[in-house]
Amino acid sequence: QVSVAESGGGSVQAGGSLRLSCLVHGYTENSYCLAWFRQVSGKGREGVAVTGTDSRTYYADAVKGRFTISVDNAKNILYLQMNDLKPEDTATYYCATRVLRVGGYCPINAHYEYKNWGQGTQVTVAS
């Protein structure tokens, strides 16, 4: 059984940094996507960054140049390094997994295709 658990959220001033972590346990697929999404109360879930076993990474336009997604395969941890944070980055951040199909790619704007969601970690950026 797959489980994911996010951590690392908190409250920071604008311009600050945070690093989110997502521990993925029990995942056995050989080809997969790992993604970060975020959600503000009352709004839909937004893709932030994705990576996969194809070594490609994709970022939402709003975070390009500020956020970096990475994976420590030895520890089964997905990271999201967030720099130069802005008040509009305030949200609950989630990680999720998806099988990477042969010839496919890891979509960033299709949260409904991802499974194994964690409980989320809250990020609050004050102006």
Side-chain angles (χ1 to χ4, degrees):
Q1 185 172 353
V2 180
S3 65
V4 298
E6 305 93 341
S7 61
S11 298
V12 297
Q13 294 291 319
S17 298
L18 285 173
R19 188 177 77 160
L20 304 184
S21 300
C22 172
L23 177 62
V24 182
H25 180 72
Y27 201 74
T28 60
E29 298 288 345
N30 292 323
S31 297
Y32 52 82
C33 304
L34 298 172
W36 285 100
F37 293 85
R38 65 187 182 186
Q39 187 169 22
V40 176
S41 180
K43 295 187 177 181
R45 199 157 289 190
E46 172 190 23
V48 175
V50 301
T51 188
T53 46
D54 59 358
S55 299
R56 298 178 182 177
T57 58
Y58 303 93
Y59 295 93
D61 288 341
V63 307
K64 282 180 181 177
R66 301 188 297 121
F67 290 12
T68 303
I69 189 171
S70 62
V71 181
D72 185 330
N73 290 306
K75 297 181 179 179
N76 295 330
I77 298 177
L78 174 70
Y79 295 105
L80 184 68
Q81 177 66 44
M82 306 187 296
N83 298 327
D84 189 23
L85 283 161
K86 303 177 179 181
E88 51 263 42
D89 295 318
T90 295
T92 302
Y93 285 71
Y94 300 89
C95 63
T97 68
R98 178 187 182 272
V99 172
L100 175 58
R101 302 180 183 90
V102 175
Y105 68 100
C106 295
I108 192 172
N109 290 318
H111 63 87
Y112 45 85
E113 294 193 12
Y114 286 80
K115 298 180 180 179
N116 306 314
W117 295 86
Q119 294 298 309
T121 186
Q122 178 66 35
V123 172
T124 302
V125 184
S127 58

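It should be emphasised that the depicted structure is a prediction, and the values quoted were computed from it without experimental measurement. Hydrogens, waters and symmetry mates are skipped; everything else that's a heavy atom, side chains included, is used.
- Every residue meeting the side chain to side chain donor-acceptor pair (under 3.5 Å) condition with Lys64, not counting sequence neighbours, appears here in chain and number order: Asp61.
- Remark: Glu6 CD to Trp36 CH2 distance equals 5.5 Å, nearest 0.5 Å.
- Annotation: side-chain hydrogen bond (donor to acceptor under 3.5 Å, both in side chains) contacts involving residues 85-96, sequence neighbours excluded, comprise Arg38-Asp89, Arg38-Tyr93, Arg66-Asp89, Thr92-Gln122.
- For residues 58-102, the disulfide (SG to SG under 2.5 Å) pairs, not counting sequence neighbours, are Cys22-Cys95.
- In this view, Thr97 and Asn116 satisfy the side chain to side chain donor-acceptor pair (under 3.5 Å) rule, not counting sequence neighbours.
- Pairs of residues two or more places apart, or lying in two chains, that qualify as disulfide (SG to SG under 2.5 Å) and include a residue from residues 29-90 are Cys33-Cys106.
- Thr68 places no side-chain N or O within donor-acceptor distance of the main-chain N or O of Gln81, the cut-off being under 3.5 Å.
- Grouping the Ile, Leu, Val, Met, Phe, Trp and Tyr side chains by contacts below 4.5 angstrom, directly or via other members, places Val123 with Val4.
- In the hydrophobic clustering (ILVMFWY side chains linked at under 4.5 Å, chained through shared members), Ile77 is joined by Leu23, Tyr79.
- The CG atom of Leu34 sits 8.5 Å away from atom CG of Asn73, with the distance rounded to the nearest 0.5 Å.
- Here Phe37 pairs with Tyr114, Trp117 under the ring pair (Phe, Tyr, Trp, His ring centres under 6.0 Å) rule; sequence neighbours left out.
- Evaluation of the side-chain hydrogen bond (donor to acceptor under 3.5 Å, both in side chains) test over residues 7-23, restricted to residues two or more places apart or in two chains, returns Ser17-Asn83.
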For this session: Evaluate side-chain contact (heavy atoms from CB on, under 4.5 Å) for Tyr27 paired with Val2, printing each intermediate quantity in order.
Result: CA-CA 5 Å; Tyr27 201 74; Val2 180; 3.8 Å; yes
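- Applying the ring pair (Phe, Tyr, Trp, His ring centres under 6.0 Å) rule to Tyr105 yields no partners; only residues at least two apart in sequence or on another chain are considered.
- With hydrophobic clusters built from ILVMFWY side chains whose heavy atoms lie under 4.5 angstrom apart, Met82 shares a cluster with Val63.
- Identified under the ring-ring contact (aromatic ring centres under 6.0 Å, His included) test for residues 57-78, with sequence neighbours left out: none.
- Residue Ala14 comes nearest to Ser127 through the heavy atom pair CB-CA, 4.3 Å, listed as atom of the first residue, atom of the second, then distance.
- Between Leu20 and Thr121 the shortest side-chain heavy-atom distance falls below 4.5 Å.
- Every side chain to side chain contact (heavy atoms under 4.5 Å, CB included) that Val12 has, sequence neighbours left out, goes to Leu18, Leu85, Val125.
- Hydrophobic clustering (side-chain heavy atoms under 4.5 Å, transitive across Ile, Leu, Val, Met, Phe, Trp, Tyr) groups Leu80 together with Tyr32.
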Problem set entry | Verdict with supporting geometry, Leu100 and Asn30, side-chain contact (heavy atoms from CB on, under 4.5 Å) | CA-CA 9 Å; Leu100 175 58; Asn30 292 323; over 6 Å; no
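- Val40 and Ala91 make their closest contact through CG2-CB, 3.9 Å (heavy atoms, listed as atom of the first residue, atom of the second, distance).
- Applying the salt bridge (charged side-chain N to carboxylate O under 4.0 Å, His left out) test to residues at least two apart or on different chains, the pairs with a partner in residues 112-127 are Arg98-Glu113.
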